[in-house]
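Note that the coordinates shown come from a computational prediction; the quantities given were computed from them, not determined experimentally. Residue numbers run from 1 in the order of the sequence given.
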Amino acid sequence: MKFIHIADVHLGVVPDAGKSWSEKRAADIWTTFTEVFAVAKKIKVDMVLIAGDLFHRQPLIRELREINYIFEQVPEIQVVIVAGNHDFLSVASNYRTFSFAKNVVFLKKNEIESVYFPELNTEVYGMSYWHREETSDVYDHITPKRQDAINILLAHGGDAKHIPFSPAKIIENGFDYIAAGHIHKGGVLEGMSVNPVPLDSNRKITTMQAVMAGALEPIDSNDTGEHGFWVGEITKAFGQVQFCPLRKCQYVHETIQLSSQMTNMAVQTIVKNLLANRKPYELYKIFLTGTLNADTELDLDWIRNQEAVVDVICSLRQDYDYDRLREENEQQLLGRFIAAMQSQGESEVYKKALEIGVEALLSAKLDR
Ligand SMILES: [Mn+2]
């Protein structure tokens with residue numbers, strides 16, 4: 001039985017709101033989903049497993065018609081879907097009443113159910129979220145009905161508020177593959193808790209039995225690393241999966257360490273060099289750390305407005321000339337505070353107290 005396993009497509013999301021590429025990313029997420037089905041058809045998989053959060057929020061009827069059109073193009077492929085915490089089956093959810101193509105099975109119940117495909121000797125178990133949170137550990141307590149069938153669990157969750165589960169326990173209970181979703185950083189699952197270990201892109205084939213698919217495309221700038229879909233082949237005797245990365249968009253976190261001597265122009269040069277070497281599909285979130293001279297005016301908006309910069313997180317400490325500040329404020333609290341801290345010697349604790357105290361006194365001064 002050959003399959004494709006995806007999760008957390010989050011159709012309907014508009015990533016990086018306010019950025020020039022935002023609408024394109026929203027459209028790309030739809031395109032990628034379509035492309036997965038083109039691949040499925042081309043490599044002739046038997047099944048596509050969608051492990052929750054296909055939509056970012058409650059789907060509109062016209063959106064369901066769009067995805068159903070895609071499903072209708074591959075009548076030879078079985079599609080099995082569960083709803084996750086983002087697209088949970090609310091009372092008014094369009095999922096409840098929509099009628100999908102014949103090759104689609106949507107496991108809509110709020111308790112474990114299963115569907116058996118005799119021609120593939122495969123049974124898929126799963127359940128849909130009916131609420132934003134589901135805390136019961138139901139996945140850990142299922143025993144497959146057919147010992148001789150290929151038993152697959154379509155699971156969404158893995159943290160405390162979203163069906164915590166133990167991959168090892170589920171495999172021990174008789175499942176041959178866990179097709180999981182929810183955690184956006186995908187990888188192979190092993191052991192008693194959910195901790196996806198990304199599959200080395202050089203080592204593409206593995207004999208693992210449980211996979212967290214990860215988001216098909218990254219959803220926001222914190223979804224770093226590679227994203228994509230998984231192709232697998234499974235029999236009662238063995239299982240193989242391969243990770244297929246997509247490279248339409250990849251978020252990169254980059255830290256720039258500043259020091260007191262640096263000027264605004266020097267920082268801009270570092271940023272320019274960083275971006276000059278970026279791959280065309282990369283988007284950067286830049287973290288500024290270290291110290292900066294209090295006189296230096298850093299133009300954060302300039303960095304923020306560079307092409308391919310999603311965000312700038314600034315956690316800089318200002319580097320004051322304490323001796324000068326002390327002399328200029330000799331008769332005031334600020335001057336006396338600095339003198340008192342400096343008299344304590346070079347200990348790290350007093351240095352820290354000096355930094356925090358001066359910062360606080362100066363900001364209080366500005367407020368008046
Ligand atoms: Mn989720």
Side-chain angles (χ1 to χ4, degrees), residues 5-15 17 26 29-30 32-33 36 48-68 70-71 78-101 104-115 124-142 152-167 170 178-186 189 194 196 210-220 222-223 227 229:
H5 164 200
I6 58 172
D8 297 274
V9 186
H10 286 263
L11 295 169
V13 72
V14 183
I29 287 174
W30 282 89
T32 298
F33 181 67
V36 167
V48 174
L49 299 160
I50 305 177
D53 287 356
L54 175 54
F55 283 90
H56 188 60
R57 32 114 184 108
Q58 295 300 324
L60 305 173
I61 290 171
R62 70 167 168 78
E63 292 173 326
L64 292 177
R65 289 179 53 230
E66 293 296 337
I67 59 164
N68 199 43
I70 300 166
F71 300 151
Q78 298 293 341
V79 181
V80 190
I81 310 175
V82 291
N85 56 311
H86 273 88
D87 56 353
F88 69 98
L89 266 76
S90 66
V91 179
S93 172
N94 290 321
Y95 276 148
R96 288 186 188 269
T97 48
F98 191 82
S99 124
F100 282 102
V104 179
V105 176
F106 201 127
L107 300 173
K108 289 183 186 173
K109 287 188 185 162
N110 197 219
E111 59 188 35
I112 299 293
E113 57 179 323
S114 70
V115 52
V124 182
Y125 291 75
M127 62 171 266
S128 280
Y129 279 59
W130 281 23
H131 316 92
R132 273 174 222 286
E133 292 178 1
E134 305 274 359
T135 51
S136 150
D137 61 348
V138 281
Y139 298 144
D140 286 355
H141 308 283
I142 316 164
I152 295 176
L153 177 62
L154 197 50
H156 190 89
D159 65 39
K161 287 181 175 169
H162 306 96
I163 317 189
F165 67 88
S166 156
I170 293 165
I178 306 171
H182 182 59
I183 312 283
H184 286 190
K185 207 182 215 25
L189 300 177
V194 173
V211 165
M212 180 63 72
L216 180 61
E217 287 267 3
I219 304 310
D220 66 41
N222 291 321
D223 290 346
H227 290 262
F229 60 94

Side chains of [X] and [Y] in contact at under 4.5 Å (non-hydrogen atoms):
{"X": "I67", "Y": "F100", "answer": "yes"}
{"X": "M127", "Y": "N110", "answer": "yes"}
{"X": "V48", "Y": "F71", "answer": "no"}
{"X": "I178", "Y": "Y139", "answer": "no"}
{"X": "D140", "Y": "I170", "answer": "yes"}
{"X": "W30", "Y": "E66", "answer": "yes"}

Rounded distance (nearest 0.5 Å) linking atom [atom1] of [X] with atom [atom2] of [Y]:
{"X": "I61", "Y": "N68", "atom1": "CD1", "atom2": "CG", "answer": "12.5 Å"}
{"X": "H131", "Y": "L89", "atom1": "NE2", "atom2": "CG", "answer": "10.5 Å"}
{"X": "F229", "Y": "I6", "atom1": "CZ", "atom2": "CD1", "answer": "9.5 Å"}
{"X": "K185", "Y": "M212", "atom1": "NZ", "atom2": "CE", "answer": "13.0 Å"}
{"X": "R65", "Y": "N94", "atom1": "CZ", "atom2": "CG", "answer": "12.0 Å"}
{"X": "S114", "Y": "L153", "atom1": "OG", "atom2": "CG", "answer": "11.0 Å"}

Who pairs with [X] by side-chain hydrogen bond (donor to acceptor under 3.5 Å, both in side chains), at least two apart in sequence or on another chain?
{"X": "E217", "value": "T32"}
{"X": "S166", "value": "none"}
{"X": "E63", "value": "R57"}

Is there a donor-acceptor pair under 3.5 Å between the side chain of [X] and the backbone N or O of [Y]?
{"X": "D87", "Y": "G52", "result": "no"}
{"X": "E111", "Y": "V138", "result": "no"}
{"X": "W130", "Y": "K108", "result": "yes"}

Heavy-atom pair of closest approach, residues [X] and [Y]:
{"X": "L49", "Y": "L154", "answer": "CB-CD1, 3.9 Å"}
{"X": "D223", "Y": "I219", "answer": "OD2-N, 2.8 Å"}
{"X": "D8", "Y": "H182", "answer": "OD2-N, 2.6 Å"}
{"X": "H5", "Y": "A180", "answer": "NE2-O, 2.9 Å"}
{"X": "F165", "Y": "A155", "answer": "CE2-CB, 4.5 Å"}
{"X": "H10", "Y": "I29", "answer": "O-CG2, 4.2 Å"}

Just wondering, more than 12 heavy atoms not from R96 lying within 6.0 Å of its CZ?
-> yes

Passes side chain to side chain contact (heavy atoms under 4.5 Å, CB included), H162 versus E133? Steps please.
-> CA-CA 6 Å; H162 306 96; E133 292 178 1; 4.1 Å; yes

Parallel, tilted or perpendicular: ring planes of [X] versus [Y], cut at 30 and 60 degrees:
{"X": "H56", "Y": "H86", "answer": "parallel"}
{"X": "Y95", "Y": "F55", "answer": "perpendicular"}
{"X": "Y129", "Y": "H156", "answer": "perpendicular"}

Evaluate the side chain to side chain contact (heavy atoms under 4.5 Å, CB included) criterion for residues L189 and V194: first the C-alpha distance (whole Å), next the side-chain angles of each, then the deciding distance (0.1 Å), finally the verdict.
-> CA-CA 6 Å; L189 300 177; V194 173; 4.0 Å; yes

